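Report on the following structure.
Each chain gets a letter, A, B and so on, in the order its sequence line appears, and its residues count up from 1. These numbers come from a predicted model, not from an experiment.
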There are 2 protein chains.
Amino acid sequence: MSAENKSPATRRRRKRTNDPEGMRKKVLDVAEASFQARGYHASSLGDLMAAAGVTGGALHHHFPTKKALALAVIEERVAAAVEETWIAPMRAAGTAREGVRAVFEAVAAGLEHQGFVRGCQLNNLAHELSLTDPDFRMALAGIFAAWRKAIADKVGADQQAGREQGTDAQRFAALAVASYSGAMSMAKTAQDAGVLRDCLEALERAAPSSSQSGLAVKRRRRVLLRQKTL
Amino acid sequence: MSAENKSPATRRRRKRTNDPEGMRKKVLDVAEASFQARGYHASSLGDLMAAAGVTGGALHHHFPTKKALALAVIEERVAAAVEETWIAPMRAAGTAREGVRAVFEAVAAGLEHQGFVRGCQLNNLAHELSLTDPDFRMALAGIFAAWRKAIADKVGADQQAGREQGTDAQRFAALAVASYSGAMSMAKTAQDAGVLRDCLEALERAAPSSSQSGLAVKRRRRVLLRQKTL
DNA sequence: TCTAAAACAGACCGGTTGTCCTGTTTTGTC
DNA sequence: GACAAAACAGGACAACCGGTCTGTTTTAGA
């Protein structure tokens with residue numbers, strides 16, 4: 001965690017190696033983590049520079065303004081996180097409902113193992129930045145839309161396979177995204193991931209996969225899908 | 001909206017009138033609005049002072065620190081907003097599900113009439129402040145808990161009246177709060193309140209009030225409950 | 001009326017923030 | 001190897017932020 005590029009007395013001047021992509025990645029790593037933990041406004045560029053071991057000149061070279069940095073974090077990192085956590089698992093799932101359940105449980109398990117809750121990157125930044133700047137808002141809205149679309153598409157696939165005939169794909173997707181987002185908000189505030197499981201149970205108990213009451217079907221789905229934790 | 005306490009030449013010195021409660025209220029009004037629109041960190045005390053027409057001395061007299069001001073906004077204003085928007089309508093509703101529907105529709109209608117979405121005060125501040133300070137977090141968590149309890153209590157009352165026998169009150173409340181919170185997050189980011197209606201429809205289509213499929217029951221509930229818009 | 005506390009005014013300060021600017025070093029290209 | 005552009009270093013700076021401080025006015029109570 002401390003400095004390691006101090007030139008020792010043995011070799012007075014280390015030769016510099018330009019690594020623009022590596023440096024850019026290092027900055028994005030630190031910014032992503034800091035935005036997640038402290039938020040955008042509470043993260044100063046000075047802190048980020050110190051944490052990344054990067055000088056002001058280098059930072060400014062890759063990201064002219066703080067807004068540009070945040071936009072890059074949103075478009076590259078936050079979008080990728082949603083892709084990894086939700087979109088890919090949803091594509092890989094057998095059905096939409098199984099996918100939703102798998103993600104909820106995987107995230108809940110990951111948070112419980114981690115011991116604390118930092119919340120959803122997308123929602124964290126969306127709340128802080130949506131009204132601040134139209135560019136922020138549009139970038140964040142696009143990620144929300146892609147997220148919803150991935151779920152709705154899965155419902156559509158289910159319907160083409162003869163399932164979920166009574167379900168409105170768009171609305172189902174909206175509810176899935178909303179309940180996850182809100183549950184994460186509560187989990188973050190209470191520092192307790194249990195509410196994620198509460199919401200999932202309520203969602204499934206209230207919404208059986210077909211007309212069956214869905215009481216005996218629930219347990220055996222739990223082990224079907226293993227997923228890499230975030 | 002401009003200054004009105006400039007002393008005109010007619011009477012050289014206006015007599016000052018101490019109004020501690022009024023001044024405190026004025027500051028809280030401005031702070032509440034600014035936190036809602038710009039967030040905590042993006043709201044500077046200088047802006048608040050200017051907007052409220054209050055000097056630094058007066059502000060500091062009532063709120064020694066910015067944190068104290070935010071805590072007052074949370075405990076007095078945000079809690080009151082949740083009380084007015086959710087808890088009171090929930091107590092007044094015939095059943096829990098009717099109450100949830102009434103609030104969703106009232107808020108959606110209010111937002112559509114307003115033309116823009118600033119989001120949920122509680123969730124806005126919760127996302128920005130939960131991880132920054134334990135005092136903030138606890139205050140916000142308490143409001144979430146009261147919100148959930150109000151809904152769960154209503155489900156309990158329904159159950160004592162013979163309804164909702166298969167429903168878990170805690171989980172139902174968690175899902176209602178979560179889906180509302182998440183829907184508001186999306187509505188704020190997309191600047192479109194329609195997602196609130198999507199979530200409500202999905203919630204009710206998926207969760208019929210009893211074993212009936214809930215297709216014909218939905219429409220006639222819509223006019224039953226009128227509620228004061230936020 | 002006298003007095004002390006509360007209420008308010010307004011200047012002030014140290015620290016921080018984001019950005020800019022001027023150099024220096026590295027690197028790809030002819 | 002010459003050279004221009006990219007990559008990086010690091011200081012400088014003006015604006016701003018939150019908090020403090022001193023002083024004045026109002027108000028309540030004896």
Quiz item: Would B/L129 and B/R137 count as a side-chain contact (heavy atoms from CB on, under 4.5 Å) if you check the C-alpha gap in whole Å, the side-chain angles of each, and the deciding distance to 0.1 Å?
Solution: CA-CA 7 Å; B/L129 301 180; B/R137 194 176 71 76; over 6 Å; no

Quiz prompt | Test side-chain contact (heavy atoms from CB on, under 4.5 Å) applied to A/R197 and A/F104, step by step | solution = CA-CA 7 Å; A/R197 299 192 190 279; A/F104 264 81; over 6 Å; no

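Under a cutoff of 6.0 Å and an axis angle of 45°, A/K66 and A/Y40 form a cation-pi pair.
The heavy-atom pair separating A/M90 from A/A96 by the smallest distance is SD-O, 3.9 Å.
Closest to the side chain of A/P20, from the set D/dA7, D/dG10, D/dT26, is D/dA7.
Residues B/S179 and A/S179 have side chains that never bring a donor and an acceptor to within less than 3.5 angstrom of each other. For the residue pair A/H41 / B/H41, no side-chain donor-acceptor distance below 3.5 Å is found, with atom types taken as modelled.
For the pair A/N18 CG and C/dT27 C1', the computed distance is 7 Å after rounding to whole Å.
Residues from residues 58-72 of chain B placing a heavy atom under 4.0 Å of any atom in DNA chain C, listed by number, are B/A58, B/H61, B/H62. Contacts between residues 22-51 of chain A and DNA chain C, defined by a heavy-atom separation below 4.0 Å, involve A/S43, A/S44, A/L45, listed by number.
No salt bridge links B/D19 with B/R24; every basic N to acidic carboxylate O contact stays at or beyond 4.0 Å.
Rounded to 10 degrees, the angle between the two end axes of the helix from C/dT1-D/dA30 to C/dC30-D/dG1 is 10°, with five pairs used at each end.
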